[in-house]
Amino acid sequence: MSAYIIVQVDVKDQGKYNEYKTMVPPTIEAYGGKFLVRGGATETLEGDWNPERFVILEFESAERAKQWWSSEEYRKPKELRQSASVAQIIVAQGA
């Protein structure tokens, strides 16, 4: 069953975050993941949620998504992202 990593990001250091954006795609691909949404425009339809940057990744399973998130390949990019931004991240099972 597919699973999705859903991310809301508040970027604090755009230069570092731009570097992160170049580092991360190969790590996602190595775990069979792909971007569905990567920072495109958002529009609030209900409520007051207005994320600065929004990302959705798709993986074949929640287990595979978590393997990527905790992988050695993603360790350095993750550290860079964490130094450049504040993020809220969840993994959700698909239907």
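Start at 1 with the first residue, then count along the sequence.
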**Prompt:** With a 4.5 Å limit on heavy-atom distance, are the side chains of Pro25 and Phe35 in contact?
**Reply:** yes
**Item:** Side-chain touch Thr44/Glu46, heavy atoms, less than 4.5 angstrom
**Value:** no
**Asked** Mind checking whether Tyr31 and Ser71 have side chains closer than 4.5 Å, heavy atoms only?
**Response** yes
**Request:** To the nearest 0.5 angstrom, please state how far the NZ atom of Lys21 sits from the NZ atom of Lys16.
**Result:** 16.0 Å
**Asked** So, do Arg81 and Met23 sit near enough that their side-chain heavy atoms are less than 4.5 Å apart?
**Response** no
**Asked** Under a 4.0 Å N-O cut-off, is there an ion pair linking Glu79 with Lys76?
**Response** no
**Prompt:** Quick one: CZ on Arg75 to CG on Leu80, what's the gap to the nearest 0.5 Å?
**Reply:** 12.5 Å
**Prompt:** How many angstroms lie between NZ in Lys66 and CD1 in Ile5, if you round to the nearest 0.5 Å?
**Reply:** 10.0 Å
**Request:** In sequence, state the C-alpha distance, the side-chain angles, and the governing distance for Gln8 and Trp49, and then conclude on side chain to side chain donor-acceptor pair (under 3.5 Å).
**Result:** CA-CA 10 Å; Gln8 174 185 318; Trp49 187 26; 2.5 Å; yes
**Message:** Are there over 12 heavy-atom neighbours, none belonging to Gln88, within less than 6.0 Å of that residue's CD?
**Reply:** no
**Complete:** Output for pair (Ile28 CD1, Glu73 CD), nearest 0.5 Å, gives 12.0 Å
**Arg64: side chain to side chain donor-acceptor pair (under 3.5 Å) partners, not counting sequence neighbours** = Gln67
**Message:** With a 4.5 Å cut-off on side-chain heavy atoms, are Arg53 and Tyr17 touching?
**Reply:** yes
**Asked** What distance do Glu19 atom CD and Ser83 atom OG have between them, rounded to the nearest 0.5 Å?
**Response** 8.5 Å
**Asked** Rounded to the nearest 0.5 Å, how far does CD1 of Ile6 lie from CD1 of Ile90?
**Response** 4.0 Å
**Asked** Can Gln93 and Tyr4 be said to form a side chain to side chain donor-acceptor pair (under 3.5 Å), step by step?
**Response** CA-CA 6 Å; Gln93 294 281 354; Tyr4 304 90; over 6 Å; no
**Request:** Would you indicate whether the side-chain heavy atoms of Lys12 and Asp10 approach each other to under 4.5 Å?
**Result:** yes
**Prompt:** For Asp13, which residues count as a salt bridge (charged side-chain N to carboxylate O under 4.0 Å, His left out) partner, sequence neighbours excluded?
**Reply:** none
**Message:** Any non-hydrogen side-chain atom of Phe54 less than 4.5 Å from a side-chain atom of Val7?
**Reply:** no
**Asked** Are any non-hydrogen side-chain atoms of Val86 and Glu52 less than 4.5 angstrom apart?
**Response** no
**Message:** Suppose we screen for side chain to side chain donor-acceptor pair (under 3.5 Å). Which residues come up paired with Trp69, at least two apart in sequence or across chains?
**Reply:** none
